[in-house]
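Worth knowing before you read on, the calculation uses all heavy atoms, side chains too, and leaves out hydrogens, waters and symmetry mates. Nothing here was measured: the structure is a model prediction, and the numbers come from that model. Ligands are counted one by one from 1 in listed order, and the atoms in each one are counted from 1 as well.
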Amino acid sequence: MTKLINGKEISASYRAELKEKIASLPVRPGLAVVLVGNDPASQVYVRNKSRACEEVGIYSEKYTLPEETTREQLLSLIAQLNESPAIHGILVQLPLPRHLDPEEVILAIDPRKDVDAFHPVNVGKIMIGNFDFLPCTPAGVMEMLRRSGIDPAGKECVVIGRSNIVGKPMAMLLLHANATVTVCHSKTRDLAAVCRRADILVSAVGKPRFVTADMVKEGAVVIDVGTNRDENGKLIGDVDFDAVSQKTSYISPVPGGVGPMTITMLLRNTVTAAEKIAAEQAKQG
Ligand code: GUN
């Protein structure tokens, strides 16, 4: 019988711990979430992030800007948030409208407030293993494994997908945890055979039912990072859950798997940022 890795439950206990920690901090952590445009999925994510902040006692500011926001207007808001003493974390929801360059926008965020860990300074720190923040989704996956008693050390881990947000940092975190890591993508030859080697398989593809039972080794751990909508608008992952779960030792569902953990790790990063900034200020007297 496979065990379910319940991200909702793990999140709830992690958030309870964070709430306690926040109550004991000398400074109230603050997060600014910036949304540009009308992407409906992004609107839901941003709302969930604000709610989660409230739940644990993080101060939050939400900026909903119109689709036609100019580069100058967005950069000016980021500059203002970089300077704001109440704000320790800044998150600009991606994707941005086409006329705005995400790289330029990410570069404008003070790396100390970059709670997504998208700024090249933070990406570089993750690469060398000396980091302040971890990108939220891969960090959430690592925490799900840890709290389920699954140690990646020495294991064959296969990550499907090579995005900057999930696939690449996921591979790096598994490597830091001493796994043997393979990253697969659209040009991988015989993807199913590579996936069948995996003791731990992480799918971040964005295609419903992409991972089928023939791609999974008996007894493997499968983590589904996909957030897709089916023909009825229902949220589903990348994994053909009913068939794949017949073979796994552990599997994370969608919904109720990685999704809640991603937001929980954002809260954790905001707390870390607040602690670091407060410690720096104390040092400066
Ligand atoms: N869009 C999809 N995932 C993310 C995320 O983790 N952070 C931001 N800023 N935008 C996203």
Side-chain angles (χ1 to χ4, degrees), residues 7 11 30-53 58 60-65 67 69 74-75 77-78 81-82 87-98 100-123 126 131-144 159 161-173 202-207 223-229 235 237-238 254-255 257-270 272-273:
S11 261
L31 174 71
V33 180
V34 181
L35 173 63
V36 187
N38 311 310
D39 181 54
S42 291
Q43 284 172 343
V44 174
Y45 295 144
V46 166
R47 199 174 327 128
N48 289 342
K49 285 166 185 170
S50 300
R51 275 202 200 129
C53 282
I58 290 176
S60 78
E61 291 178 0
K62 190 162 95 182
Y63 295 85
T64 310
L65 308 179
E67 182 85 20
T69 299
L74 181 56
L75 294 179
L77 171 62
I78 292 172
L81 295 170
N82 281 341
I87 295 299
H88 308 96
I90 303 170
L91 180 144
V92 179
Q93 186 67 30
L94 302 178
L96 287 167
R98 286 167 62 92
L100 296 168
D101 174 6
E103 252 180 67
E104 182 183 38
V105 170
I106 289 165
L107 268 177
I109 297 172
D110 181 339
R112 294 172 310 165
K113 296 191 176 186
D114 169 38
V115 284
D116 265 324
F118 289 170
H119 191 289
V121 164
N122 289 319
V123 174
I126 291 157
F131 38 75
D132 305 311
F133 308 119
L134 292 177
C136 301
T137 300
V141 172
M142 295 307 287
E143 203 55 41
M144 288 165 88
V159 178
R162 55 174 158 179
S163 70
N164 289 333
I165 296 185
V166 185
K168 284 186 215 168
M170 186 73 249
M172 202 50 63
L173 299 197
V202 180
S203 181
V205 180
K207 289 190 183 148
I223 307 287
D224 190 348
V225 182
T227 50
N228 314 296
R229 298 275 163 189
L235 183 65
D238 290 344
V254 176
V258 176
M261 289 303 294
T262 296
I263 298 185
T264 302
M265 295 299 106
L266 172 69
L267 304 175
R268 173 171 86 176
N269 284 348
T270 305
T272 304

Asks: Atom CG in D114, atom CD1 in I90: separation rounded to 0.5 Å?
Replies: 8.5 Å

Asks: Which value, rounded to the nearest 0.5 Å, describes the distance between M142 atom CE and I223 atom CD1?
Replies: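 Spacing of CE (M142) from CD1 (I223) equals 10.0 Å.
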
Asks: Identify the closest protein heavy atom to atom 1 (N) of ligand 1: which residue and atom is it, and at what distance?
Replies: L94 O, 2.8 Å

Asks: Has Y45 got any heavy atom lying under 4.0 angstrom from an atom of ligand 1?
Replies: no

Asks: Can you report which non-hydrogen protein atom sits closest to atom 7 (N) of ligand 1, along with the distance?
Replies: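 Checking every protein heavy atom, the shortest distance to atom 7 (N) of ligand 1 gives D116 OD1, 3.0 Å.
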
Asks: Would you say V92 and ligand 1 have an N/O pair spaced under 3.5 Å apart?
Replies: yes

Asks: Exactly one of N122, V123, I126 should register a side chain to side chain contact (heavy atoms under 4.5 Å, CB included) with F131. Which one does?
Replies: I126

Asks: Tell me whether the count of non-hydrogen atoms from other residues, nucleotides or ligands lying under 6.0 Å of NZ in K207 goes above 12.
Replies: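 No - once you tally the heavy atoms of other residues, nucleotides and ligands closer than 6.0 Å, there are 12 at most.
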
Asks: Run down the list K49, M265, Q93 and name the one with the heavy atom closest to atom 11 (C) of ligand 1.
Replies: Q93

Asks: Which atoms of ligand 1 have any heavy atom of L91 under 4.0 Å away?
Replies: 9 (N)

Asks: Is the shortest heavy-atom distance from the side chain of R112 to the side chain of H88 under 4.5 Å?
Replies: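 No, too far: nothing below the 4.5 Å cut-off.
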
